[in-house]
Amino acid sequence: MSEEAHAEPSSSLDGPGQGHDGKHGHDHGPEREHDHGPDADHGPGRGRGHGPDGEHGHGHREPWVSWLLVLPLLALILVAPPALGSYSAMRTGTALQKPFGYAKLPSGDPVALGLVDYASRAAYDHGHTLGGRRVKVVGFVALDRSGAPYLVRMALNCCAADAQPVKIGLSGRIPPVLRPDTWLEVTGRYSARRTEDPVNGGVIPYLAVDTAKPVPTPHDPYDESWNN
């Protein structure tokens, strides 16, 4: 018998699942192909982050993310912004407005007046309603480019976000050294002197100083007379 005749039986040993030389092969046919689909070999709860039980997503973090987005808004509502200082005040035009009328001065000597009230009486009433009385006002120091001192208070129309400066010039017995943003209690009298604000041309009246002393920053640094 020829060699070819003996070769056939040996090839018949290579049945399904066996490769060359009788070794077990790997059948990658349709029936044995590994299924890597979403449901292959993974029952409920065994998915790779896609099943409802085995999910490794971040859905539970969404409420925390929402709160993080709300925090800045809450900060703006609950925390009042700091009052503007001398740097901003001297770069913003005075917001002094002519009032509809003037209230009767309170008793006392000196009479305690809000800075905006004094500035209004001095600028638009020419000091008539002051009656020559001594006044006491409180504000923070601001210096212009030449070093001339002003007393400033941020006035509110509605809220801190719309605060604008009202300024009065200081003449007379001015302390030799004044630091910007220092709060002063100034006692003095009406002065007819006035100047124009270089920023917006608004009127800035003066106060003739008798005494001036540093005081702590007021609990409410704003002048709210326009809100009353």
Legend entry - 4.5 Å side-chain heavy-atom contact, Leu184 and Leu178: yes
Inset, instruction - Grab the two heavy atoms, one from Ser146 and one from Asp144, that are nearest each other, plus how far apart they are. - result: OG-OD1, 2.7 Å
Legend entry - salt bridge (charged side-chain N to carboxylate O under 4.0 Å, His left out) partners for Glu185, two or more places apart: Lys213
Inset, instruction - Flag yes if more than 12 heavy atoms outside Arg194 fall under 6.0 Å of its CZ atom; otherwise flag no. - result: yes
Inset, instruction - Consider only side-chain N and O atoms of Ser86 and Asp181, and report whether a donor and an acceptor are under 3.5 Å apart. - result: yes
Inset, instruction - Check whether any side-chain heavy atom of Val135 sits under 4.5 Å from a side-chain heavy atom of Leu207, and report yes or no. - result: yes
Under 3.5 Å donor-acceptor pairs involving side-chain atoms of residues 165-175, not counting sequence neighbours:
from, atom 1, to, atom 2, distance (Å)
Lys167, NZ, Ala89, O, 3.1
Lys167, NZ, Thr92, O, 2.8
Lys167, NZ, Asp197, OD2, 2.8

Inset, instruction - Find out whether Tyr124 and Val203 are in side-chain contact, i.e. whether some heavy atom of one side chain is under 4.5 Å from a heavy atom of the other. - result: yes
Legend entry - Residue pair Leu105 / Thr129, side-chain heavy-atom distance below 4.5 Å: no
Legend entry - Considering all heavy atoms, the nearest Leu143-Pro149 contact: CD2-CA, 3.6 Å
Legend entry - Sidechain-backbone polar pair: Asp125 side chain, Ser120 backbone, donor-acceptor under 3.5 Å: no
Inset, instruction - Show the numbers, then the answer: is there a side chain to side chain contact (heavy atoms under 4.5 Å, CB included) between Met90 and Tyr150? - result: CA-CA 9 Å; Met90 295 309 293; Tyr150 295 85; 3.8 Å; yes
Inset, instruction - Count the heavy atoms belonging to other residues, nucleotides or ligands that lie under 6.0 Å from OH of Tyr87, then report whether that count exceeds 12. - result: no
Inset, instruction - Could you tell me whether Arg133 and Asp109 have a side-chain N and a carboxylate O separated by less than 4.0 Å? - result: no
Legend entry - Main-chain N/O of Thr187 paired to Arg134 side chain as donor or acceptor, under 3.5 Å: no
Donor-acceptor pairs are to be reported for all side-chain atoms of residues 110-119 against protein atoms at under 3.5 Å, with residues two or more places apart or in another chain.
from, atom 1, to, atom 2, distance (Å)
Asp117, OD1, Arg121, NE, 2.8
Tyr118, OH, Tyr206, O, 2.6

Legend entry - Worked verdict on Asp223 versus Met154 for side chain to side chain contact (heavy atoms under 4.5 Å, CB included): CA-CA 6 Å; Asp223 189 307; Met154 304 304 294; over 6 Å; no
Inset, instruction - Dump the intermediate steps for side chain to side chain contact (heavy atoms under 4.5 Å, CB included) on Trp183 and Arg153, then the final yes or no. - result: CA-CA 10 Å; Trp183 283 82; Arg153 201 73 183 253; 3.6 Å; yes
